[in-house]
Amino acid sequence: MSNGYDHKAVEAKWQDRWERQRTAEVDLRHFRGKYYMLMMFPYPSGDRLHVGHGRNYILGDALFRFLRMNGKRALNPMGWDAFGLPAENAAIQRGVHPRDWTLANIKVMKEQFRRWGILYDWSKEIASCFPEYYRWNQWLFLRMLEKGLAYKKMAPVNWCPSCRTVLANEQVIEGACERCGTAVVQRDLEQWFFRITDYAERLLAGLDELEGWPEKVKVMQRNWIGRSEGAEIRFAIPALKEAVTVFTTRPDTVHGATFMVLAPEHPLAARLIAKHPQKAEIEAWIEKVRNTPRIQRSAEETPKEGRDTGAAAVNPATGEKIPIWLANYVLPEYGTGAVMAVPAHDARDLAFARQEGLPVRLVYHLEDRDVDPAAMTEAILHEGVIRNAPPFDGLRDSPETIQRFIDWLAEKGWGQGKVTYRLRDWLISRQRYWGTPIPVVYCDKHGIVPVPDDQLPVELPYDVEFTGREGNPLSRSKEFVETKCPKCKGPARRETDTMDTFVDSSWYYLRYLSPRDANRMFDPEVANRWMPVDQYIGGIEHAILHLLYARFICRVLHDFRLVEAEEPFQNLFNQGMITRWSDKSGRVEKMSKSRGNTVSPDELIEEMGADTERVYTLFIGPPEKEAEWSDEAVTGAHRFLQRVWRLLERLPETPPTAPADAELERDRHATIQRVTHSLQRFSFNTAVAALMELSNSLYRAVEEKTASRLRCEETYDTLLQLLHPMAPHITEELWERRGYTESLLETSWPEHDEKKLRRERIHLVVQVDGKLRDRVEVDAAADEKQVREAVLASPKVKEHLAGRDVAKAVLVPGRLINLVTRKSA
RNA sequence: GCGAAAGUGGCGGAAUUGGUAGACGCGCAAGAUUCAGGAUCUUGUGGUCGCAAGGCCGUGGGGGUUCGAGUCCCCCCUUUCGCACCA
């Protein structure tokens, strides 16, 4: 039986109205004061909306509407992270141009947002694939090139044979390509980099100021930056009349260095093995190690492999000659690519020493027993006392001891303190078509020549062939490649590498603020008024990559004096994934098309409506946690909305006067307080629960005629207002039917009255020795004496006090009284 | 191995500051309505003993602090996530 709630008609009506109400572009320069910017930058891959069921968009819209009703000037812009691999792969697989494919997906997604009733400010819409946007990527690149923050170098890179492109370390997951899952191999290529390592220290220090970020994300970024303090120590190689420098965090164990290990790629490796009898075998081995994908090489299961160079270095601390080895477990790009091996005090070095029969020498000795270096199976890491290493004998393992060694090494001229980071420079080159062209040309006479600003943008040609053959389609476009040198006008070739799409997303928050500005990247005046972004909502998958790059670029722009903010995002919220049972895999996993466990938003909206989907998505659980989608539980949200709808029809049944008005009024104020507080802390699930309770109370009051018409109507109106951020369509419709002409969004958020929350008589919980025994009704204002009288009069309490005296009574006003007893004398 | 978060009914989950554990919803049960199904409405629903009144037990396990602990402290177990040859 229909109860009159036709969600399809209601939603269509309001979605049309909101679309028509879309005003002309709002000029942000005219606003003064403090504003709120909420943000997302979805990737229009065509699959994205199913993932997590648009949870972040629904959350963002609820927050936006809540802020608006609270009189906050809030901006909810939407743009498209439009470049990227899926579009190009689609072109190859389906013969659609990446641009057409992307624009079609954007259209689909916009339609989806409309059907969810999400209010984006489309006048701020941007898409990174348009020259109006990406020319500023190019402009930024040129400024960074001028400052030495962009540079080109030969580098071993992660190469995905299937996508035929280079991948950043971050895009390699367990040795496989992030996008397609193909095993990644190593190659040496000339690549463009951004010098993010120059900002390592500031990016690390800046994390401490980000109070509005989840601790988890900050920890992940700290680990990624990987700061470690130690020292560089030089070891002489008499045979080569050279020295090799190592980095160590434990300079205090230098006396225990019994051999040295270099990465096979180390620049000195070739000279060290020049006269080795098995030179050819070692060279072949080096080549093998070099070609092992980095991820596989640094996996723990990979066995340690090494070769003795036959050469020796001198341990400066002991004067002893120690052998120099090459081994796969030493990575060329960390530290100096060379380590002093101290097997007695490092687990990896000990394992390698045992494997290869290399000597072990103790620096730190245990006090309670003697350790035989030849037989020890576990390295002594953080205990013991130094012996046989004058002048340090008797010192214990401590930061102070390490500092004394560093001072000593510096004094002797053998080394100095040094801070090293795990963070590498950001490899931005992609050998793909669908991205921002890197704005440089190659001239035989002048080498690398930047494209002058007045020739920007370097536009991506539309007519290229997508064959799937090796190499970048751009490099086969003569029209694009062949150009003139800006300096000598002679023939030159354009760079055909394009930029990583993370460049696009590292500054888009600034472009939102002046999206049509044709003369500059963004308007600094507006940017300084709106930045930093007040609330960023996104998935945890961006914890490192996107969020680190965006912080880096924001700082670069700050250093260019273009924006005051150093940190782009003041508050960050990571919504949890929505999971669902998958028949395909036979377990619960992340919702996605490929896993075949999605709920189609279209079908759900068709059947129950967008408001139901919104309310359920918010009610399913705490938004920061993962949640499992339940098809049955959705009906709970639907039933709730139907009840709210029916309530309007039943309001006329209420009497002009009734006895329990005060009780309903109290509920109304309590709900205002609860919902407001819940929304302020992103606890949408409890906000919905509070509204369900209020609707239940009101339903009961109407049913039993215990509240007056006026009181019920007022409560109902409040219910609609509080529910609006979660279920915008149905609430607007009912609000209009209540006879109001102004939109709910324009009403101001209800405020609760502290006085209305108070009760005259309260139910006080009575405990005897901490156990709940009874509830008594007392005056809210009753003092301890009055409460005690009332409590002692209770038969149940009397029973439990039989044979005992009250030794002490603890009164928590308005809540409970606890009678502590002892045996009667 | 290191780091972080979390363990509450059949299920998803509530419980600002230590103060009535299980709000709200799903599911389930009984009843009402209905030709029937669905929908809707009412009541009940942590375990256990009891005809009942009521008692006892109960927030992963063990200990502690407190008048009072899901919440605070110590130890242990489990799960999830992140990092992992980084010298």
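Sequence lines set the chain letters: A, B, ... in the order given, protein chains first and strands last, and positions in each chain run from 1.
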Quiz item: Any idea if B/rG9 is syn or anti, going by the 90°-from-0 cut?
Solution: syn
Exercise. Report the C-alpha distance between A/Gln221 and A/Trp213 in whole Å, list the side-chain angles of each, state the deciding distance to 0.1 Å, and finish with yes or no for side-chain hydrogen bond (donor to acceptor under 3.5 Å, both in side chains).
Key: CA-CA 11 Å; A/Gln221 292 216 350; A/Trp213 279 40; over 6 Å; no
Practice problem: Quote, to the nearest angstrom, the C1' distance that separates B/rC57 from B/rC51. | Solution: 22 Å
Exercise. For nucleotides B/rA53 and B/rC75, find the distance between their P atoms and express it as a whole number of Å.
Key: 46 Å
Self-check item: Touch class at under 4.0 angstrom, heavy-atom based, for A/Val330 against every strand present
Solution: base
Exercise. Please determine if a side-chain N or O atom of A/Asn685 lies less than 4.0 Å away from the OP1 or OP2 oxygen of B/rA23.
Key: no
Quiz item: Does A/Arg775 get its side chain close enough to the base of B/rU20, under 3.5 Å, for a donor-acceptor pair?
Solution: yes
Quiz item: If the C1' atom of B/rU80 is compared with that of B/rU20, how far apart are they to the nearest Å?
Solution: 33 Å
Quiz item: In whole Å, what is the span from the CG atom of A/Leu722 to the C1' atom of B/rC24?
Solution: 16 Å
Quiz prompt | Ring-face cation contact, A/Tyr329 with A/Lys304, 6.0 Å cut, 45° max | solution = yes
Quiz item: Hey, does A/Thr248 reach any base, or is it just sugar-phosphate, or nothing, if we go heavy atoms under 4.0 Å?
Solution: sugar-phosphate
Practice problem: Examine A/Arg307 relative to A/Trp325 and say whether NZ or CZ is less than 6.0 Å from the centre of the six-membered ring and inside a 45° cone about the ring axis. | Solution: no
Quiz item: Is A/Thr420 touching bases, backbone alone, or none of the nucleic acid, heavy atoms closer than 4.0 Å?
Solution: nothing
Quiz item: Shortest non-hydrogen contact from A/Val675 to A/Ala690?
Solution: CG2-CB, 3.9 Å
Quiz item: Does A/Arg643 put a side-chain nitrogen or oxygen below 4.0 Å from OP1 or OP2 of B/rC41?
Solution: yes
Quiz item: With a 4.0 Å cut-off on heavy atoms, is A/Lys771 in touch with a base, just the backbone sugar-phosphate, or nothing at all?
Solution: sugar-phosphate
Quiz item: Taking atom P in both B/rA87 and B/rU66, what distance in whole Å separates the two?
Solution: 46 Å
Quiz item: Taking atom P in both B/rG54 and B/rA39, what distance in whole Å separates the two?
Solution: 37 Å
Quiz prompt | Whole-angstrom distance between B/rG22 and B/rG58, as gauged at atom P | solution = 16 Å
Exercise. Could you encode protein contacts along nucleotides 64-73 of chain B as a string, one character per nucleotide from 5' to 3', using B for base contact, S for sugar-phosphate-only contact and - for no contact, with a heavy-atom cut-off of under 4.0 Å?
Key: ---BS-----
Practice problem: Identify which nucleotide among B/rA87, B/rG19, B/rC85 has an atom closest to any side-chain atom of A/Ser228, counting heavy atoms from C-beta outward. | Solution: B/rA87
Quiz item: To the side chain of A/Arg815, which of B/rA23, B/rA87, B/rG19 is closest?
Solution: B/rG19
Quiz item: Any donor-acceptor pair under 3.5 Å linking the side chain of A/Thr579 with the backbone of A/Ala627?
Solution: yes
Practice problem: Among B/rG12, B/rA23, B/rG19, find the nucleotide with the atom closest to the side chain of A/Glu693. | Solution: B/rA23
Practice problem: Assign A/Arg639 to base, sugar-phosphate, or nothing according to its heavy-atom contacts below 4.0 angstrom with the strands shown. | Solution: sugar-phosphate
Quiz item: Do the side chains of A/Pro622 and A/Phe684 get nearer than 4.5 Å, heavy atoms only?
Solution: no
Exercise. Measure from the side chain of A/Met220, starting at C-beta and using heavy atoms only, and say which of B/rC85, B/rG25, B/rG82 lies closest.
Key: B/rG82
Practice problem: For nucleotides 43-55 of chain B, just jot down a letter per nucleotide in 5' to 3' order: B, S or -, based on protein non-hydrogen atoms under 4.0 Å. | Solution: -----------SS
Quiz item: Do the side-chain N or O atoms of A/Arg646 get closer than 4.0 angstrom to the phosphate oxygens (OP1, OP2) of B/rC41?
Solution: yes
Quiz item: Do other residues, nucleotides or ligands put more than 12 heavy atoms under 6.0 Å from A/Lys418 NZ?
Solution: no
Exercise. Give one of base, sugar-phosphate or nothing for A/His677, where a contact means two heavy atoms less than 4.0 Å apart.
Key: base
Exercise. Measure the distance from CD1 on A/Ile817 to P on B/rU20 and round it to the nearest whole Å.
Key: 15 Å
Practice problem: Please work out if A/Ile620 contacts a base, only the sugar-phosphate, or nothing of the nucleic acid, heavy-atom cut-off 4.0 Å. | Solution: sugar-phosphate
Quiz item: Nearest-Å distance, CE (A/Met340) to P (B/rC85)?
Solution: 20 Å
Self-check item: Nucleotide nearest A/Gln642 (side chain, heavy atoms from C-beta), chosen from B/rG25, B/rA15, B/rU40
Solution: B/rU40
Quiz item: Mind checking the P distance from B/rU71 to B/rA21? Whole angstroms is fine.
Solution: 14 Å
Quiz item: Taking A/Glu653 for the side chain and A/Val702 for the main chain, is one N or O donor matched with an acceptor at less than 3.5 Å?
Solution: no
Quiz item: Quantified in whole Å, what is the C1' atom distance between nucleotide B/rU59 and nucleotide B/rG7?
Solution: 9 Å
Practice problem: Would you indicate which nucleotide in B/rA84, B/rG27, B/rC24 comes nearest to any side-chain atom of A/Thr635? | Solution: B/rG27
Quiz item: Which part of the nucleic acid does A/Ala633 contact within heavy-atom distance under 4.0 Å: base, sugar-phosphate only, or nothing?
Solution: sugar-phosphate
Exercise. On the 0 to 90° scale, with breaks at 30° and 60°, tag the A/Tyr549-A/Trp426 ring pair as parallel, tilted or perpendicular.
Key: parallel
Exercise. Evaluate the ring-ring contact (aromatic ring centres under 6.0 Å, His included) criterion for residues A/Trp414 and A/Phe235: first the C-alpha distance (whole Å), next the side-chain angles of each, then the deciding distance (0.1 Å), finally the verdict.
Key: CA-CA 8 Å; A/Trp414 295 336; A/Phe235 284 62; 9.6 Å; no
